[in-house]
**Q** 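After the structure tokens below, expect a handful of questions from me.
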Number of protein chains: 2
Amino acid sequence: MVTLKDIAAKVGVSISVVSRVLRNNMGQTRVRPEVAEAIRRAAKEMGYVPNPSAVALVRRQHNTLGLFFHRIGVPGSGIQENTLDGICAAARERHQRLLVVFFSTTEEFRQEWDAVRHGYVDGVLFVGRPHQDLLPDVVALRKTGRAVVTLYHEPLAPDIPNVGIDQQMVGYLATRHLLDLGCHRVVFLSTQKDASSSDFLRRRKEGWLRAMAEAYGGAPPSDLLEIPCGLDYASGARAIGRLMEGNVWFDGVVAASDAQASAVLNEVERRGRRVPEEVRIIGVDDSPICQMTHVPLSSISQQYFERAQRAVALLCDAIHGQEVHSEVFPPVLRPRTSTLGT
Amino acid sequence: MVTLKDIAAKVGVSISVVSRVLRNNMGQTRVRPEVAEAIRRAAKEMGYVPNPSAVALVRRQHNTLGLFFHRIGVPGSGIQENTLDGICAAARERHQRLLVVFFSTTEEFRQEWDAVRHGYVDGVLFVGRPHQDLLPDVVALRKTGRAVVTLYHEPLAPDIPNVGIDQQMVGYLATRHLLDLGCHRVVFLSTQKDASSSDFLRRRKEGWLRAMAEAYGGAPPSDLLEIPCGLDYASGARAIGRLMEGNVWFDGVVAASDAQASAVLNEVERRGRRVPEEVRIIGVDDSPICQMTHVPLSSISQQYFERAQRAVALLCDAIHGQEVHSEVFPPVLRPRTSTLGT
DNA sequence: CTGAAAGCGCTTACAG
DNA sequence: CTGAAAGCGCTTACAG
């Protein structure tokens with residue numbers, strides 16, 4: 001590998017000048033332009049790439065980002081893939097290496113935590129499900145001088161920068177889409193009271209209520225249908241099955257995930273009602289499943305790829321001492337046959 | 001961050017001893033046991049973690065693995081997630097940082113190639129679809145002293161270590177499973193002649209033929225049904241649709257992916273035949289989709305998580321100068337309702 | 001305008 | 001049995 005010394009020898013100057021020219025870091029002194037030019041040319045010709053370890057050592061940085069990834073999304077949702085794709089692309093662009101930890105439970109988190117807490121990373125990105133019980137750890141981490149950014153639905157705390165998504169708008173967009181297509185009674189698949197994930201669903205519900213209120217001239221109707229339900233396929237199937245057994249009439253369903261939506265689709269049709277002619281269905285995540293169900297599913301994208309890229313950008317800015325603030329992305333409607341028809 | 005100097009000061013020895021004790025690297029000399037003990041205790045108490053940049057600088061290593069990931073699997077297959085999960089876990093365990101590049105086309109590969117070729121990585125793991133046209137680049141990379149391992153179905157070249165999967169066994173296991181359950185005419189969804197992915201499907205086909213031959217007393221029957229078909233949902237639906245329109249009778253289908261299998265399921269039932277009573281269906285990948293279809297799909301796991309972990313282990317061994325060889329994992333059958341019934 | 005020198009934190013022959 | 005010293009490749013005050 002070619003070093004500063006090699007370039008210095010070739011051009012006939014000291015390595016100090018070479019370093020300053022290539023790093024564009026010349027204090028208040030100027031270097032003769034022809035020398036600078038010669039250095040830059042030589043560096044390019046010789047294929048010089050700075051040794052990141054040497055740079056890291058002297059700069060007391062590590063060009064490494066920690067990534068704490070709480071597995072999210074029902075399996076198959078594609079959220080994990082999209083998020084990682086965005087993170088890796090943005091990190092590569094900024095010459096940042098990655099130290100990735102996947103975890104699913106607080107215990108797993110604790111097990112791996114030391115590796116990052118004592119590890120040589122300049123900043124940490126937390127992805128997935130927000131845990132209030134991890135807040136002290138995150139705060140402690142910041143005290144050690146590391147930058148922290150989260151990629152959660154909502155900020156963990158007001159002063160921890162987050163790249164979020166407007167969950168109220170998720171609920172609103174989905175419901176509004178169904179109402180615009182002529183639906184009257186739109187079921188909202190909500191969550192069990194005790195679920196840790198209930199926060200974002202609470203906000204989505206607000207969006208559903210707002211859209212329903214708009215459609216009903218100001219106040220939501222009194223016969224609103226909110227059905228508590230887990231995010232997975234089986235829960236969705238059970239919930240909608242019970243509803244239909246009770247002979248409750250509805251003509252639209254806002255599911256909380258695409259897995260749920262596919263369950264609703266299968267269950268509704270199995271019980272003899274047609275999608276989307278009699279019941280329109282929309283999910284959330286815009287996942288690959290949407291194109292594999294026998295009626296393609298409409299969905300709402302939570303923009304994980306884009307948000308992941310942005311989160312890495314913010315993290316790098318924070319590492320370089322800039323002040324960064326939380327951002328909120330708008331969700332995007334992806335209509336397909338399960339609402340539009342063919 | 002605590003350094004060797006801090007520990008040396010506390011214990012009252014030179015940093016050389018501390019380094020040798022902690023690294024377990026003492027040449028032919030011995031250190032007094034009580035001193036060694038004191039050093040280890042101090043290191044632990046003070047929470048010492050070696051600065052990887054300093055170590056990297058002097059060792060001329062970088063504790064960084066390059067990861068060239070050709071996106072594989074139909075979206076939703078979960079292959080990408082499982083693979084990354086395995087890689088990240090194994091890399092963390094070995095204190096290796098990651099430099100991850102996702103790509104989908106040879107052009108994208110070329111764009112990112114320099115970053116790794118000139119980059120400071122000790123080894124590179126290639127994942128996904130093997131490209132014969134990348135072979136010269138891989139060989140050149142090895143010449144620069146980097147270790148190389150691939151996570152492909154089959155080795156790119158005989159001397160490049162690969163963690164593969166027995167594709168013949170994939171076809172055999174699937175077919176044999178259907179035959180054992182009483183199927184007589186098992187359709188094999190194959191691929192277009194020109195597809196770049198055709199290699200592994202050719203091997204799977206051998207497994208299908210072998211199983212059929214076994215069932216038919218030594219030689220496969222003459223009315224074998226091999227249907228060319230893309231790996232995605234739409235292709236699967238079209239292929240099986242055409243077959244059924246031609247009134248061709250069959251009672252088993254070995255699909256090439258779970259997406260395809262779900263398409264077959266929907267199409268077969270839409271045309272009035274029951275799964276698994278009249279037609280048994282099995283896919284490949286054991287993806288999350290399998291549990292979201294209205295009849296849960298049987299499938300064959302290609303062991304991506306386990307193989308990914310193993311590939312990282314081999315890569316690290318190779319980096320440390322050990323000779324490593326290709327391995328082949330056996331696929332695993334995951335039977336569900338689409339073949340077994342309820 | 002340019003260079004010599006110190007130092008980042010570690011490893012490892014080489015002396016004692 | 002243990003330490004002083006050189007050196008990995010770079011950056012950055014500090015001299016000239």
Side-chain angles (χ1 to χ4, degrees), chain A residues 1-40 42-43 46-64 95 97 118-122 145 320, chain B residues 1-40 42-43 46-64 95 97 118-122 145 320:
Chain A
M1 297 250 111
V2 16
T3 69
L4 285 189
K5 211 162 139 197
D6 301 327
I7 301 177
K10 175 145 187 212
V11 180
V13 289
S14 73
I15 61 167
S16 325
V17 210
V18 179
S19 170
R20 278 180 294 213
V21 167
L22 293 181
R23 286 282 152 179
N24 247 322
N25 174 8
M26 281 167 287
Q28 52 257 75
T29 58
R30 299 278 88 198
V31 178
R32 250 185 310 152
E34 54 272 34
V35 175
E37 190 42 46
I39 290 171
R40 270 188 275 266
M46 302 168 79
Y48 172 71
V49 178
N51 184 323
S53 299
V55 177
L57 189 57
V58 65
R59 289 245 177 112
R60 276 110 177 268
Q61 288 198 2
H62 312 96
N63 305 310
T64 302
H95 304 285
R97 292 169 288 188
H118 291 137
Y120 286 79
V121 299
D122 307 318
H320 294 125
Chain B
M1 297 249 109
V2 16
T3 68
L4 285 188
K5 211 163 138 197
D6 301 327
I7 301 177
K10 175 144 187 213
V11 180
V13 289
S14 72
I15 60 167
S16 324
V17 210
V18 179
S19 170
R20 277 179 295 214
V21 167
L22 294 180
R23 286 282 152 180
N24 246 323
N25 175 7
M26 281 167 286
Q28 51 257 75
T29 58
R30 297 280 88 199
V31 178
R32 250 186 311 151
E34 56 273 31
V35 176
E37 189 42 45
I39 289 171
R40 271 189 274 267
M46 302 168 80
Y48 173 71
V49 179
N51 183 322
S53 298
V55 178
L57 188 57
V58 64
R59 288 245 178 113
R60 276 109 176 272
Q61 288 197 3
H62 311 97
N63 306 310
T64 302
H95 304 284
R97 293 169 287 189
H118 291 138
Y120 286 79
V121 299
D122 306 317
H320 293 125

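Letters A, B, ... mirror the listed sequences (proteins, then strands); counts begin at 1. Basis for what follows: all heavy atoms, side chains included, without hydrogens, waters or symmetry-related copies.
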**Q** Please report the distance, rounded to the nearest Å, between CG in A:D122 and P in C:dC8.
**A** 18 Å
**Q** Looking at B:P50, B:S19, B:S16, which hits side-chain contact (heavy atoms from CB on, under 4.5 Å) with B:L4?
**A** B:S19
**Q** Can you tell me the distance, in whole Å, between the CD atom of B:Q61 and the P atom of C:dC10?
**A** 17 Å
**Q** For DNA chain D, whose closest nucleotide is more 5', that of B:V58 or that of B:S16?
**A** B:S16
**Q** Return the value, rounded to whole Å, for the distance between atom CD1 of B:I15 and atom C1' of C:dG7.
**A** 13 Å
**Q** About how many Å separate CG of B:L22 and CD1 of B:I15, when rounded to the nearest 0.5 Å?
**A** 11.5 Å
**Q** Distance check: side-chain N/O of A:R59 vs OP1/OP2 of C:dC8, anything under 4.0 Å?
**A** no
**Q** Can you tell me if the side-chain N/O atoms of B:R32 get under 4.0 Å from OP1 or OP2 in D:dT2?
**A** yes
**Q** Mind checking whether B:Y120 and A:N51 have side chains closer than 4.5 Å, heavy atoms only?
**A** yes
**Q** What's the OH-C1' distance between B:Y120 and D:dG9, to the nearest Å?
**A** 8 Å
**Q** Does B:Y48 make a side-chain N or O approach to OP1 or OP2 of C:dG9 shorter than 4.0 Å?
**A** no
**Q** Over how many whole Å does the gap from A:L4 atom CG to C:dG3 atom C1' extend?
**A** 14 Å
**Q** B:R23 side chain N/O closer than 4.0 Å to the phosphate oxygens (OP1, OP2) of C:dC10?
**A** no
**Q** Of the nucleotides C:dG9, D:dC14, D:dT2, which one has an atom closest to the side chain of B:V35?
**A** D:dT2
**Q** Given side chains that start at C-beta, do those of B:V21 and B:R40 come closer than 4.5 Å, heavy atoms only?
**A** yes
**Q** Using the side-chain contact (heavy atoms from CB on, under 4.5 Å) rule, pick out the option among B:V18, B:I7, B:D6, B:I39 that qualifies with B:Y48.
**A** B:I7
**Q** Please tell me if the side chains of B:P52 and B:V55 come closer than 4.5 Å, counting only heavy atoms from C-beta onward.
**A** no
**Q** Starting at atom CG of B:L22, determine the distance to atom P of D:dT2, rounded to an integer number of angstrom.
**A** 14 Å
**Q** Got a donor-acceptor pair under 3.5 Å from the side chain of B:R60 to the base of D:dG9?
**A** no
**Q** Can you tell me how far P of D:dG9 sits from NZ of A:K5, to the nearest Å?
**A** 7 Å
**Q** Enumerate, in order of first residue number, the stems that involve DNA chain C, defined as 3 or more consecutive Watson-Crick or G-U wobble pairs with both distances under 3.5 Å.
**A** C:1-3 with D:14-16, C:5-12 with D:5-12, C:14-16 with D:1-3
**Q** Compare every heavy atom of B:H62 with every heavy atom of A:S53, then report the nearest pair and how far apart it is.
**A** OG-CD2, 4.0 Å
**Q** B:N51 CG to C:dG7 P: how many Å, rounded?
**A** 18 Å
**Q** Taking 4.0 Å as the cut-off, does a side-chain nitrogen or oxygen of A:S19 come that near to OP1 or OP2 on D:dT11?
**A** yes
